[in-house]
Amino acid sequence: MGLLDILLGRTKPVAPDLDQLFALPSAAVTLEAAASFTPTGRGAVCFATVEGAAFEQTHREVQALLDADADRDGPPVRLIRDEFGYSWLVSERTPDQLPQLVNDLHAVNSSMEVNGFGPQLLCSLAGFQDTEGRSLALVYLYKRGTFYPFAPLPGEGQRRDNPLELRVKATLANDLRIEQDLNRWFPLWGAPGL
């Protein structure tokens, strides 16, 4: 960071810390004890879609790596493009395999970063659900190195359960690095993996 940045009040961006993802299993224990939310076994990594042979090769390598896991039950890892033009690499595990799901998410992020596609990474999420059928995602913002909860309300329309999100924020404050700027708690309507 240079003198001009200091004078103009610019801050140095936070470097992503992918190891933060490994805090999710312990946070899940806290979340279940405090709010009765359990893992769904679904998760995804979102990134800006990139065209080109190098990116396609990276995608194939990541998918082959994750699909080669002998312990994987259920569908293979899949690539989905959403209506906004973003790509999602979705992994599904059984609900009791959250550590393996976190390994999947970490492997996708790490592979993309190592192959020069780190700037395209946007977020990763792990899905949770309670006994009432409410959905919750713990979202990791790649460029901020922080998490936030996203709780869409069931039914028609795009509404979120803000009180629940704030309760989860308070509940997990000691388990995860929570994003303090609520303006960065972006809604992920229709996100695969949720």
Side-chain angles (χ1 to χ4, degrees), residues 12-28 38-129 135-150 175-177 179 184-194:
K12 187 175 182 179
V14 175
D17 180 6
L18 293 177
D19 289 344
Q20 291 295 315
L21 289 169
F22 293 119
L24 277 172
S26 65
T38 57
T40 62
R42 292 185 306 270
V45 175
C46 180
F47 49 91
T49 303
V50 177
E51 301 298 328
F55 181 76
E56 285 303 317
Q57 178 65 27
T58 299
H59 167 253
R60 282 193 300 276
E61 288 173 5
V62 169
Q63 191 155 4
L65 172 72
L66 297 182
D67 286 342
D69 185 351
D71 293 333
R72 179 176 291 284
D73 292 330
V77 174
R78 42 196 176 109
L79 179 68
I80 297 173
R81 293 209 176 154
D82 67 18
E83 62 188 86
F84 304 106
Y86 294 106
S87 295
W88 295 81
L89 202 56
V90 181
S91 179
E92 293 186 45
R93 297 284 190 155
T94 59
D96 63 328
Q97 291 182 315
L98 182 60
Q100 291 87 340
L101 178 67
V102 168
N103 286 339
D104 291 350
L105 300 176
H106 189 274
V108 171
N109 282 290
S110 296
S111 294
M112 290 189 65
E113 191 176 66
V114 165
N115 287 300
F117 297 106
Q120 281 71 36
L121 287 167
L122 301 173
C123 68
S124 298
L125 68 85
F128 293 81
Q129 194 169 33
S135 294
L136 172 74
L138 292 179
V139 181
Y140 176 75
L141 292 171
Y142 177 80
K143 290 176 176 51
R144 304 276 298 174
T146 56
F147 288 88
Y148 70 90
F150 172 63
D175 293 285
L176 299 175
R177 187 182 301 161
E179 175 60 50
R184 295 198 181 267
W185 289 23
F186 305 111
L188 299 174
W189 307 119
L194 181 58

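Only this structure's heavy atoms are used, side chains among them; waters, hydrogens and symmetry mates stay out.
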Between the CZ atom in F47 and the OG atom in S124, the distance rounded to the nearest 0.5 Å is 10.5 Å
Can you name the closest pair of heavy atoms from E179 and W185 and give their distance?
O-NE1, 3.0 Å
The test is side chain to side chain contact (heavy atoms under 4.5 Å, CB included); show your working for L89 and M112 and say whether it passes.
CA-CA 11 Å; L89 202 56; M112 290 189 65; over 6 Å; no
Validation row: R184, T146 side chains within 4.5 angstrom (heavy atoms):
no
Quick one: are T38 and P95 in side-chain contact, heavy atoms under 4.5 Å?
no
Would you indicate whether the side-chain heavy atoms of E92 and R78 approach each other to under 4.5 Å?
yes
Mark yes or no for whether Y142, through its side chain, and Q120, through its backbone, hold a donor-acceptor pair below 3.5 Å.
no
Any side-chain to backbone donor/acceptor pair from D82 onto F84? Under 3.5 Å, distance only.
yes
Gap between atom CG of L21 and atom CG of L101 - 0.5 Å precision:
9.5 Å
On a heavy-atom basis, which atom in S87 and which in L79 lie closest, and how many Å separate them?
CB-CD1, 3.9 Å
Taking atom CG of D175 and atom OG of S26, what is their separation to the nearest 0.5 Å?
5.0 Å
What distance separates Q129 CD from R42 CZ, expressed to the nearest 0.5 Å?
6.5 Å
List the steps, then state whether side chain to side chain contact (heavy atoms under 4.5 Å, CB included) holds for L188 with L194.
CA-CA 9 Å; L188 299 174; L194 181 58; 5.8 Å; no
Side-chain donor or acceptor of K143 paired with backbone N/O of P119 under 3.5 Å:
yes
Over all atoms of both residues, closest heavy-atom pair of L18 and Y140
N-OH, 3.9 Å
Would the number of heavy atoms belonging to other residues, nucleotides or ligands and lying under 6.0 Å from OH of Y86 be above 12?
no
Does any N or O in the side chain of S110 come within less than 3.5 Å of the main-chain N or O of A107, such that one atom is a donor and the other an acceptor?
no
Would you name the heavy atoms of P25 and L98 that are closest together and state the gap between them?
CA-CD2, 3.7 Å
Under 3.5 Å, side chain of S91 to main-chain N/O of D104, donor-acceptor pair present?
no
Taking the side chain as C-beta and beyond, is there a heavy-atom pair between F147 and L24 under 4.5 Å?
yes
Do V139 and F186 have side chains that get closer than 4.5 Å, going by heavy atoms?
no
To check you understand the geometry: which heavy-atom pair defines the closest contact between L125 and A191, and what is its length?
CD2-CB, 4.0 Å
Minimum heavy-atom separation for P39 to A28, with atom names?
CG-CB, 4.3 Å
Parallel, tilted or perpendicular: which describes the rings of W189 and F150, with under 30° parallel and over 60° perpendicular?
perpendicular
Does a side-chain heavy-atom distance below 4.5 Å link F22 with H106?
yes
